[in-house]
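Data block below; observations after.
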Amino acid sequence: MKALFKTESLHTDLATLLLRLIVGGLFIRYGWMKIVNYDQILPMFGDIIGIGSRLSFNLVIFAEFFCAILVVLGLVTRLAIIPIFITMTVVFFIAHANDPFDAKAISFIYWLLCFVIFILGSGKYSLDKYIFRQPN
């Protein structure tokens, strides 16, 4: 009962792991759906940032699927979250710029969660901890 009223974290590394698993897992699902339905989605995918729709779509898949796998594993987490953060930045501020907030709220939440993961890093329960032998 006393733990409910403490001001310090109950277990930051466990919370970091759960956040990585949830956010990374959701992005893996989104990325996988884009991979599986590549030929159907590509014609509808616009050239939002002026680099071509195919390259834009491939970069989104790279971020949402491959970088998300690294986030889940806790492998170069801060580096891996950057493409996802950029993707969510483009989605929220450019692709859906004129949409009402309710229509783009989920991308904003993901954008914020990417920022939190970047700040937290991979935590104790990660491959980074074992590979790079960080003290703690």
Side-chain angles (χ1 to χ4, degrees):
M1 186 66 160
K2 290 180 185 179
L4 294 176
F5 299 103
K6 287 184 176 181
T7 57
E8 63 270 0
S9 173
L10 294 176
H11 202 299
T12 304
D13 288 311
L14 182 59
T16 302
L17 171 65
L18 290 173
L19 182 62
R20 282 190 3 251
L21 292 176
I22 293 166
V23 173
L26 287 168
F27 275 110
I28 289 170
R29 181 182 177 277
Y30 295 141
W32 180 250
M33 296 312 294
K34 287 176 177 73
I35 291 170
V36 170
N37 299 304
Y38 188 87
D39 293 329
Q40 291 80 27
I41 298 172
L42 181 60
M44 298 180 294
F45 202 83
D47 182 15
I48 298 168
I49 57 175
I51 61 172
S53 59
R54 181 178 297 273
L55 179 58
S56 295
F57 190 52
N58 290 339
L59 288 172
V60 167
I61 290 172
F62 170 76
E64 290 184 355
F65 186 74
F66 296 102
C67 290
I69 289 171
L70 295 175
V71 169
V72 166
L73 296 173
L75 184 59
V76 293
T77 304
R78 284 193 175 109
L79 185 62
I81 202 71
I82 292 171
I84 301 171
F85 180 80
I86 291 169
T87 300
M88 291 299 99
T89 300
V90 171
V91 169
F92 183 79
F93 291 103
I94 299 173
H96 295 285
N98 297 325
D99 293 350
F101 184 78
D102 288 347
K104 58 184 179 178
I106 192 71
S107 60
F108 184 69
I109 292 168
Y110 282 134
W111 184 76
L112 290 173
L113 291 174
C114 288
F115 187 67
V116 171
I117 291 171
F118 184 83
I119 291 170
L120 288 172
S122 55
K124 185 165 112 176
Y125 306 115
S126 66
L127 288 179
D128 284 345
K129 173 74 173 170
Y130 296 103
I131 292 172
F132 299 113
R133 305 276 187 237
Q134 298 170 356
N136 172 246

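Quick note: residue numbers are just sequence positions, from 1. When reading the values below, keep in mind they use all heavy atoms of this one structure, side chains included, and skip hydrogens, waters and symmetry mates.
Counting heavy atoms from C-beta outward, I49 and S56 have side chains that approach closer than 4.5 Å. A heavy-atom distance below 4.5 Å is found between the side chains of Y38 and I61. The shortest side-chain heavy-atom distance between I48 and V91 does not fall under the 4.5 Å cut-off.
Using a 4.5 Å cut-off between side-chain heavy atoms of Ile, Leu, Val, Met, Phe, Trp and Tyr, with links allowed through other members, V36 and V60 fall into the same hydrophobic cluster. Taking hydrophobic clusters as Ile, Leu, Val, Met, Phe, Trp and Tyr residues chained together by side-chain heavy-atom distances below 4.5 Å, L26 shares a cluster with I117. Residues F57 and I28 are members of one and the same hydrophobic cluster, defined by side-chain heavy-atom contacts under 4.5 angstrom among Ile, Leu, Val, Met, Phe, Trp and Tyr. Residue I35 is not grouped with residue L59 when hydrophobic side chains (ILVMFWY) are merged at heavy-atom distances under 4.5 angstrom, including chains of intermediate members.
In this structure, the ring-ring contact (aromatic ring centres under 6.0 Å, His included) partners of Y110, at least two apart in sequence or on a different chain, are F27, Y30. For F115, the ring-ring contact (aromatic ring centres under 6.0 Å, His included) test picks out no residue, with sequence neighbours left out. For S126, the side-chain contact (heavy atoms from CB on, under 4.5 Å) criterion is met by R20, S122, D128, K129, not counting sequence neighbours. Contacts of T89 classified as side chain to side chain donor-acceptor pair (under 3.5 Å), with partners at least two apart in sequence or in another chain: W111. Remark: N37 pairs with M33, Q40, I41 by the side-chain contact (heavy atoms from CB on, under 4.5 Å) rule, at least two apart or across chains. The ring-ring contact (aromatic ring centres under 6.0 Å, His included) test applied to F66 returns no partner, not counting sequence neighbours.
Screening residues 42-57 for salt bridge (charged side-chain N to carboxylate O under 4.0 Å, His left out), with sequence neighbours left out, gives no hits. Sorted by first and then second residue, the pairs that involve residues 28-44 and meet salt bridge (charged side-chain N to carboxylate O under 4.0 Å, His left out), not counting sequence neighbours, are K34-E64. Within the structure, salt bridge (charged side-chain N to carboxylate O under 4.0 Å, His left out) contacts touching residues 83-105 (residues at least two apart or in different chains) do not occur.
Using cut-offs of 30° and 60° on the angle between ring planes, the pair F108 and F101 is perpendicular. Ring planes of W32 and F65: tilted class, angle from 30 to 60°.
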Indicate every side-chain donor-acceptor pair of residues 67-88 with a distance under 3.5 Å to a residue at least two apart or in another chain.
residue	atom	partner	partner atom	Å
R78	NE	F118	O	2.6
R78	NH2	I119	O	2.9
T87	OG1	P83	O	2.8

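With values rounded to the nearest 0.5 angstrom, D13 atom CG is found 9.0 Å from L120 atom CG. With rounding to the nearest 0.5 angstrom, the NE2 atom of H11 is 10.0 Å from the CG atom of L17.
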